[in-house]
Amino acid sequence: MEQLRCSGLFDARVPRYTSYPPADRFVAAEGKLFQQDWLRAVPAHEKISLYIHVPYCENLCWFCACRTQAADRQDVVSAYIDIIQKELAQVSARMPSGVRLARLYIGGGTPTLLAQPVMDRLLDDVFAAFPKAVGFEGSIEIDTTQVREDLIHGLIARGMNRAIVGVQDFDPNVQKQIGRRQSFDQTLKVVRKLRRAGLEFLDMELLYGLPSQSSTSIAETTQQVLAMDPDRLAVCEYVHVPNLAKRQIMIDARHLPAAEDAFVMSQVARHILVSDGYEPIGIDHYARPDDTLVAARNGIKLQRDFQGYSDNASYALIGLGASAISRFPQGFVQNLSATSLYTKSIRAGVLAGHRGYAMTHADQVIGKMIEMLMCQFRIDRTAMLESYPDAERFVDTAFRNLSRIYDPYLEITDDSINVKPMAHPLARMMCYSLEQLSTPA
Ligand code: SF4
């Protein structure tokens, strides 16, 4: 702890690097400029992933920084899905035929707000536009406080096989402080229904660093979650940024734990999960030893993405819906964020991409090194130069800079930089240092 404190971990404000560059660096109108060309450049017969954003929730939890808005009227949600279907048609019309769907992720917001017939027509349209690839995986975020049984059966009948259940912390006092009610019993009931209906994979998400949370409450929640036998777990840090996520103003900052106490909570959860046989994945995920994420990590195929970590090597991720982000090899495109503007654009037959980022060669090189650090806690020089043969001087500069700043935390060989296990929590800070490098030679 003393070493981590001295390294500045508890004062650092650095990105989570679910993308490089992070979304707050996207440039206005740059996505609009490139979206059409990048869609057209997807090679026929490639595999893609699709993300569909449903920005509505019945109640807005105070801690949540997702792009969501309150709505409990089915006609509002249904009209929004009509627009998503139009966008799907516009996007797929610009791509070559033969493209297959490797992954579908429906998130939000609360996708389980959709009535079953509305969800059915959405999924039917998606699979008509992009037939499922071999090994297809369909994921959906499930709000256990309001999901209906007919929706569960409809989802599984259409091939959605992974559920993501957010828990945060089951302690009622913590939940009161974050404006969310979700009991263990109710969550367990829904998880059992999902399993009985034939769900293949269950992911669960916890947060640490919440108001009035303690090592005891996170330990109890972690044990309770283990009783539901998830395949994967994300244990992520709550970041209090009421200037950016306005609803966090509702949270009484006086009850927030100190950064060091929050870190201890993350280690308590880690200890319980690892003792139970889960394998750590990257900075904040865990998976059963037979999970494909573990195989991807061991085979150096793990990838960082907006949902955390993935074993999926799709050519591109296409985002549909207000604020959704698409990732292409050439860069990023983010749709208009305001639902009204997004809707207006799609109704007018105009692609909704707005903000974005066209990757330079330097960005590609930095992004690759950041992904190696976030996924493997090492940078492999040979692998870097195989991908970017002209970046030798740049990679060597990166090695020198990292070793100068973080020497006690690294094992350095001629061919690699390896972060020592005790320094894994510093990985994001090391990535931030990489960002400060100049343009590659
Ligand atoms: S945590 Fe889920 S239900 Fe709560 S506001 Fe965020 S997306 Fe909506």
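Numbers here are sequence positions counted from 1. Whatever order the structure lists them in is the order used to number ligands and atoms, beginning at 1.
Taking the charged nitrogens against the carboxylate oxygens, Arg148 and Asp150 do have a contact shorter than 4.0 Å, which makes a salt bridge. Taking a cutoff of 4.0 Å between a charged side-chain nitrogen and a carboxylate oxygen, Asp82 and Arg347 do not qualify as a salt bridge. Ionic pairing of Asp252 and Lys176 is not present here: no N-O contact between side-chain nitrogen and carboxylate oxygen is shorter than 4.0 angstrom.
Checking Arg121 against Gln85 by side-chain atom types alone, a donor-acceptor pair falls below 3.5 Å.
For ligand 1, the atoms sitting less than 4.0 Å from at least one non-hydrogen atom of Cys57 are 3 (S), 5 (S), 7 (S), 8 (Fe), numbered in the order shown with element in parentheses. For ligand 1, the atoms sitting less than 4.0 Å from at least one non-hydrogen atom of Gly109 are 7 (S), numbered in the order shown with element in parentheses. In summary, the atoms of ligand 1 found under 4.0 Å from a heavy atom of Phe63, numbered by their order in the structure, are 1 (S).
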When you look at Lys301 and Asp311, which way does the salt bridge (Lys or Arg N to Asp or Glu O under 4.0 Å) test go after all the steps? CA-CA 6 Å; Lys301 291 187 174 147; Asp311 56 352; over 6 Å; no

Salt bridge (Lys or Arg N to Asp or Glu O under 4.0 Å) between Arg16 and Asp284, worked out: CA-CA 10 Å; Arg16 291 184 66 231; Asp284 51 15; 3.2 Å; yes

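Among the backbone and side-chain atoms of Cys61, an N/O/S atom is found under 2.8 Å from atom 4 (Fe) of ligand 1. Within the 2.8 Å limit, Cys66 places no N, O or S atom next to atom 6 (Fe) of ligand 1.
Contacts between Glu141 and ligand 1 below 4.0 angstrom, taking non-hydrogen atoms only, are absent altogether.
Looking only at heavy atoms of the protein, atom 6 (Fe) of ligand 1 is closest to Cys64 SG, 2.4 Å.
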